[in-house]
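Reviewing the structure listed below.
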Amino acid sequence: MSNNDAVTLTSRGALWSDRALHASWMRSQQYGLDPSKPMDPPTTDGIDTGSRLFRAATPVLRRMCAGIEGERLSVMLIGAQAEILTTVNGCAQIDHVVERIGATPGAVWREDTTGTNALATPFETRRPLFVRGVEHYVQDLHGYSCYGRPIFNPLNGRLMGVLDIMSVAGAESGLMRPFIDTAIAEIERNIRSTSSGSTRSVIRAFEDAARHPAAVVVALSRAMVLQSSMAARTLSATDVSALQQLADGVRTATRTELELTSGNTARVEMEPIDGADGVLIRVQARQRPAVPRTADRLRYWSRVQNWVDDIRDSCRSGVIVGEPGSGRTTALAGAAGGRARHAIDGRTDDPTEVENRLRSLINDPGREVLTIDNLDLLPQSARNLTENLLVGQAQRVLAATSAPRPGDADNARLLDLFEDRLDLPALRDQRSELIDLLNEVAGPGVRYRFTPHATRVLESYSWPGNHRELAGVLRSLERSRGTLIDVTDLPIALRMKATTKQMTPWQQASCDAIMRAMEICHGNKAHAADYLGISRSTLYHHIKEYGITV
């Protein structure tokens, strides 16, 4: 290495602190590459479009193509010999760039042919890497920034290739890293799906058990070790080895305890996997504390239940009025009880059949109660027939409906004909009881506490899905590892302000990626920026631009 080369390397290397980049520059110089020369990587005779990687990646790349349409972005895939298998470009400008730098199918992108970049270096080091602008060794790439990550065979751990995304330098998006990481996860799932029957049985059992993000699950067989994301964070290599020893020879469901290297004692549940030589292991290192619930029911639930009990034991007609998702269908079923009934649903039933059934009841009323869900969605002719039933009072009618719109005199008159009426408030009108309501719906043995920030987000949300959406929030809270809930434990939808801005597919995906990164990093903006591969100032700009509540 000449003195000039050493000076150049040192000055370039001073621009970053990543040892991997500096080591890659050293290797590139040792290969004798001239960074000032145009890119001209060698090419292979052909590419294997029938390889397992190519077949598994093809549908994923089609989806990625739609996500970057119109953007100055390119996605590149190399195979097991570092040969470019295919590229997906967002616009014609990038088409020309890709061709100019020699990133065409068959070109070999190893460090000895292309220097430091996010295809060749991850292939060399087996580790993901972000390379920005002048961090590239070859000057032809200084105008671009790239993130690349190796793809390993999920069944045997062997390197299969690298997936990379390239943008214009200085225009790095917060989506680049999670965009690639998510795609590789899909590719690995596709690879698993083509495995043998025994292997698929192990994978299927593992995926079913690891569906919950907080689940600590390990699946073991002679050919593989699968860990859920939470298991990878919770268990050390020593812990996994101990689990392998415990699972050896397991023939029936077994429970035991294991002291983890962290010092925590974990409960271990093991069961053999049907149709395979594998064992599924569930590890419970921490349990959510059970806090006694208050015996006092909410005023809201008491009022609803009292009305339902009263109307069920009477012979009166009644109507339940509320927004979709407010619990009106559940209340209607409770009001009808277990009695025989004629049931009509204005959302799903055929209008002609509904009219015929209503006419039949007008001509020959019965003792069975008539329940009508989504009364407001019936055609006007069917609502007129319902009005005749209510006026004649020969047939008992229970109904659930949305409130009449302002100026809708016909529907308002129809509702006035019912003898009893229950109005269910929208969830946004119950903000003062929202926290208690969450705990009420959560069921016995659980009582959540919320930080002030989380409480503000919950109370400022519009809750368009009402109680149906509340149930979804509770499912997400089950992933938390305790009962103290911070804003990062809440679903993404709750933490985003409504916006009228029209976003491109890439901008929308970028917004979602930032929210996921904030969730993964537990609200730490510095860690989220590092995870996304962008500066903190860029992250703050995107948070403000997309109206993200964090």
Side-chain angles (χ1 to χ4, degrees), residues 35-43 47 54 57-79 82-109 113-122 129-149 161-184 501-514 532-535 538 541-542 545-546:
S36 64
K37 286 187 176 181
M39 299 282 293
D40 186 25
T43 59
I47 58 173
F54 193 92
T58 296
V60 179
L61 290 170
R62 279 198 288 264
R63 178 189 60 77
M64 299 176 81
C65 181
I68 66 173
E69 185 178 0
E71 304 290 337
R72 296 178 67 184
L73 297 166
S74 177
V75 175
M76 306 176 189
L77 176 68
I78 64 173
E83 77 284 16
I84 289 191
L85 299 176
T86 187
T87 61
V88 173
N89 304 322
C91 63
Q93 288 175 300
I94 290 295
D95 287 340
H96 298 312
V97 171
V98 168
E99 185 174 355
R100 180 175 59 79
I101 64 177
T104 52
V108 178
W109 275 58
T113 61
T114 60
T116 302
N117 59 74
L119 277 173
T121 305
L129 186 68
F130 222 123
V131 186
R132 301 168 179 83
V134 295
E135 293 175 352
H136 288 94
Y137 183 77
V138 177
Q139 293 174 10
D140 265 2
L141 297 177
H142 285 183
Y144 309 98
S145 293
C146 312
Y147 171 75
R149 178 178 163 182
V162 174
L163 189 64
D164 163 277
I165 185 168
M166 179 180 75
S167 75
V168 175
E172 298 92 329
S173 168
L175 178 61
M176 290 175 70
R177 174 173 174 171
F179 190 64
I180 292 296
D181 291 354
T182 301
I184 289 178
K501 178 181 176 181
Q502 195 72 23
M503 289 195 283
T504 66
W506 179 257
Q507 288 173 324
Q508 184 62 60
S510 182
C511 178
D512 294 343
I514 290 171
L532 294 167
I534 58 178
S535 67
T538 300
H541 169 76
H542 284 317
E545 178 186 10
Y546 298 137

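Here the CD-OG distance, from Gln139 to Ser36, works out to 5.5 Å after rounding to the nearest 0.5 Å. Here Asn89 contributes atom CG and His96 contributes atom NE2; the two are 10.5 Å apart, rounded to the nearest 0.5 Å. The line from CG of Asp164 to CG of Leu129 is 10.0 Å long, rounded to the nearest 0.5 Å. For the atom pair CZ of Arg72 and CD of Gln93, the computed distance is 4.5 Å after rounding to the nearest 0.5 Å. To the nearest 0.5 Å, atom SG of residue Cys146 and atom CG of residue Leu141 are 6.5 Å apart. One finds the CD1 atom of Ile68 at 8.5 Å from the SG atom of Cys91 (value rounded to the nearest 0.5 Å).
For the pair Thr86/Leu61, a side-chain contact is recorded, criterion being any heavy-atom separation below 4.5 Å from C-beta on. No side-chain heavy atom of Val108 sits under 4.5 Å from any side-chain heavy atom of Pro41. Using a 4.5 Å cut-off on side-chain heavy atoms (C-beta onward), Arg132 and Phe130 make contact. With a 4.5 Å cut-off on side-chain heavy atoms, Met166 and Ile101 count as touching. Ile78 is not listed as a side-chain neighbour of Leu163, based on a closest heavy-atom distance of 4.5 Å or more. Considering only heavy atoms from C-beta on, Met76 comes within 4.5 Å of Val98 through its side chain. Looking at Met39 and Val138, their side chains come closer than 4.5 Å, going by heavy atoms from C-beta outward.
Seen from the ring of Tyr147, Arg149 does not count as a face-on cation partner, given the 6.0 Å and 45° thresholds.
Across all non-hydrogen atoms, the minimal contact from Ser145 to Met176 is O-CE, 3.8 Å. Across all non-hydrogen atoms, the minimal contact from Asn117 to Trp109 is OD1-CE3, 3.6 Å. Of all heavy-atom pairs spanning Thr87 and Ser74, the tightest one is CB-OG, 4.4 Å. Taking each heavy atom of Met64 and Ile180 in turn, the nearest pair found is CE-CD1, 3.9 Å. When all heavy atoms of Ile84 and Ile47 are compared, the closest pair comes out as O-CG2, 3.6 Å. In terms of heavy atoms, Glu135 sits closest to Thr116 at O-CG2, 3.9 Å.
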### Task
Let me see the working for Tyr137 and Thr114 under side-chain contact (heavy atoms from CB on, under 4.5 Å), right down to the final yes or no.
CA-CA 8 Å; Tyr137 183 77; Thr114 60; over 6 Å; no
